[in-house]
Amino acid sequence: MSTVIASCTRGAQALPAHLTAAEGIGRPGDLVIARVVKVGAYRQVENTHGRDVRIRAGDEIVGVLGDRHSTTSIYGGLPEGGLAVTAGTPADLLAVGGVIGIAASSPASLGTATALELVGLATDAEGRVVRLEPQTAPSVAGTPIVFIGGTAAEVGKTTFASALVNHLATRHGLRVGVTKLAGTGRLRDLLTLADAGAHCAADFVDAGLATTYGHAADTVVGSARHLVGRLTEQGAEIIVAELGGDLWGAGIPDVLRDADLVAAARALVLVPSDTMASLGADTWLSLNGITIPAVHGVPHRNVMAARERVGRGMGVQLVDPHDEQDMERMVREVLLPALAPVGSGVGAR
């Protein structure tokens, strides 16, 4: 038997070296110790170093209670009022990053969730439940933000964001802060963004949220404000902020309508699953009163055909993150002109 400390536990500021198990009512953000009963949809758990560790029946996982309302993966969460945790309480692995709850639905292609039984709430030497405490801020720094959103999970948001980070850092010499502001926590995405040439990096798990599903708007928006301020204090001149999943969920509409974050935003890059989704995303922005200037990315399809359809149907130019000229055009036409008024000296170098 082995024990995996899941990556989402890193949101606990000081994880004790030794954890004990206790009974009680588990709430979002509480750490739990769980034992694998039957391996299902997820055969690995991401550890605190960002490595996927194979799990087997009998292994233990230290994870975090929370919700996940994915349209492409597992949907589940906690009962209203919390989960009664006793030794043997059944639960499910909702995400590779270690979010644990009760699965309600799973795509047929993925299979049933990995089944767990809870050993108990994770407690420290004084018997206190170890939990993630959200870090929020009442206002936001004025550092320019580029949001990267999409019409679904796995459409290429992290790919686009990484290409933009690298372009801004290497071609324009900017100190780029990277973050993920919403979705379900996984360290891999943040490490990918950081490896692209970022100056500093932090995500919503670092701000005390294992997932942004199931939280009040004030908590998700406050977390986003905190992260922008945190990266600014670490020297970021511009922030590339990925929004996980699709634009409808995980508190993303609240983030994109927050007055302070909107004032700092320079663009919202829309990464679609296909060309029809480009039109759908554009329509969604209008219906939801989101005014951040949109940039349309290329879907995972034939680039020439996508350019033709969207250009003819919507009158916009798509940006291909793999095309250096496309990226430079976007940076020079959309981002650099908007950076000048900020007064921080940011610009082409």
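No side-chain donor-acceptor contact under 3.5 Å links Ser7 and Thr48.
Contact check for Ile55 versus Tyr42: no side-chain heavy atoms found under the 4.5 Å cut-off. At least one side-chain heavy atom of Arg68 sits less than 4.5 Å from a side-chain heavy atom of Ser70. With contacts defined as side-chain heavy-atom distances shorter than 4.5 Å, the pair Leu285/Leu270 qualifies. Using a 4.5 Å heavy-atom threshold, the side chains of Met327 and Arg171 count as separate. For the pair Leu231/Thr143, no side-chain contact is recorded, criterion being any heavy-atom separation below 4.5 Å from C-beta on. Counting heavy atoms from C-beta outward, Ile74 and Ser106 have side chains that approach closer than 4.5 Å. Side chains of Val331 and His172 form a contact here, defined as non-hydrogen atoms less than 4.5 Å apart. Taking 4.5 Å as the limit, some side-chain heavy atom of Phe160 sits within range of a side-chain heavy atom of Val269.
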Donor-acceptor contacts, no H, no angles, side chain residues 95-102, under 3.5 Å, sequence neighbours left out:
none

Please list, one pair per line, the donor and acceptor atoms closer than 3.5 Å that link side chains of residues 24-40 to other protein atoms, with sequence neighbours excluded.
| unit_1 | atom_1 | unit_2 | atom_2 | d |
| --- | --- | --- | --- | --- |
| Arg27 | NH1 | Gly81 | O | 2.8 |
| Asp30 | OD1 | Arg131 | NH1 | 2.4 |
| Asp30 | OD2 | Arg27 | N | 2.8 |
| Arg35 | NH1 | Glu117 | OE2 | 3.2 |
| Arg35 | NH2 | Glu60 | OE2 | 3.2 |

Donor-acceptor pairs under 3.5 Å, side chain of residues 239-246 to any protein atom, not counting sequence neighbours: which ones?
| unit_1 | atom_1 | unit_2 | atom_2 | d |
| --- | --- | --- | --- | --- |
| Glu242 | OE1 | Thr158 | OG1 | 2.9 |
| Glu242 | OE2 | Thr158 | OG1 | 2.8 |
| Asp246 | OD1 | Trp248 | N | 2.9 |
| Asp246 | OD1 | Gly249 | N | 3.2 |

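Looking at Thr212, its side chain does come within 3.5 Å of a backbone N or O of Gly183 through a donor-acceptor pair. A donor-acceptor pair under 3.5 Å links the side-chain atoms of Asn166 to the main chain of Ala196, judged by distance alone. Between the Thr9 side chain and the Ile5 main chain, no donor and acceptor come within less than 3.5 Å of each other. The backbone N or O of Arg188 sits less than 3.5 Å from a side-chain atom of Glu46, completing a donor-acceptor pair. Asn288 contributes no side-chain N or O that, together with a main-chain N or O of Ile290, makes up a donor-acceptor pair within less than 3.5 Å. No donor-acceptor pair under 3.5 Å is formed between the side chain of Arg266 and the backbone N or O of Leu335. Panel note: side chain Thr123, backbone Thr20; a donor-acceptor pair is recorded below 3.5 Å. Remark: the backbone N or O of Asp59 is not paired with any side-chain donor or acceptor of Ser2 at under 3.5 angstrom. A donor-acceptor pair is defined here as one N or O able to donate and one able to accept, closer than 3.5 Å; such a pair exists between the side chain of Thr232 and the backbone of Val228.
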Legend entry - Chi angles and distances behind the side-chain contact (heavy atoms from CB on, under 4.5 Å) call for Asp203, Arg10: CA-CA 11 Å; Asp203 68 356; Arg10 62 191 165 89; 2.8 Å; yes
Inset, instruction - Please lay out, stage by stage, how His296 and Gln317 fare under the test side chain to side chain donor-acceptor pair (under 3.5 Å). - result: CA-CA 7 Å; His296 288 265; Gln317 280 186 289; over 6 Å; no
Inset, instruction - Check the pair Thr211 / Arg186 against side-chain contact (heavy atoms from CB on, under 4.5 Å), numbers first and verdict last. - result: CA-CA 9 Å; Thr211 166; Arg186 185 165 188 184; over 6 Å; no
Inset, instruction - Check the pair Val130 / Leu15 against side-chain contact (heavy atoms from CB on, under 4.5 Å), numbers first and verdict last. - result: CA-CA 8 Å; Val130 182; Leu15 189 63; 4.1 Å; yes
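Among residues two or more places apart in sequence or in another chain, the side chain to side chain contact (heavy atoms under 4.5 Å, CB included) test is passed with Arg51 by Asn47, Val53. Remark: Arg128 engages Asp124, Glu126 in a side chain to side chain contact (heavy atoms under 4.5 Å, CB included) (not counting sequence neighbours). Under the side chain to side chain contact (heavy atoms under 4.5 Å, CB included) criterion, Thr291 pairs with Val262, sequence neighbours left out. For Arg43, there are no salt bridge (charged side-chain N to carboxylate O under 4.0 Å, His left out) partners at least two apart in sequence or on another chain. For Asp274, the side chain to side chain contact (heavy atoms under 4.5 Å, CB included) partners are Met276, Ala277, not counting sequence neighbours.
The shortest heavy-atom contact between Pro272 and Ser278 is CG-OG, 3.2 Å. Between Ala201 and Leu190, the shortest heavy-atom distance links the atoms CB-CD1, 4.0 Å.
Identified under the side-chain hydrogen bond (donor to acceptor under 3.5 Å, both in side chains) test for residues 76-98, with sequence neighbours left out: Thr86-Thr89. The ring-ring contact (aromatic ring centres under 6.0 Å, His included) pairs that include a residue from residues 44-93 are His69-Tyr75, His69-Tyr213, where partners are two or more places apart or lie in different chains. Counting only residues at least two apart or in different chains, ring-ring contact (aromatic ring centres under 6.0 Å, His included) contacts with residues 183-205 are absent.
Around the CD atom of Glu328, the shell of radius 6.0 Å holds more than 12 heavy atoms that belong to other residues, nucleotides or ligands. Around CZ of Arg230, the count of heavy atoms belonging to other residues, nucleotides or ligands within 6.0 Å exceeds 12.
Between Arg307 and Asp326 there is a salt bridge, since at least one side-chain N of the basic residue sits less than 4.0 Å from a carboxylate O of the acidic one. Electrostatic pairing of Arg225 and Asp218 does not count as a salt bridge here, judged by no charged N lying under 4.0 Å from a carboxylate O.
Remark: Lys180 NZ to Asp206 CG distance equals 12.5 Å, nearest 0.5 Å. Rounded to the nearest 0.5 Å, atoms CD1 (Ile148) and OG1 (Thr179) are 12.0 Å apart.
Its side chain within the 4.5 Å cluster rule, Leu279 clusters with Val298, Val303, Val310, Met314, Val316, Leu318 among the Ile, Leu, Val, Met, Phe, Trp and Tyr residues.
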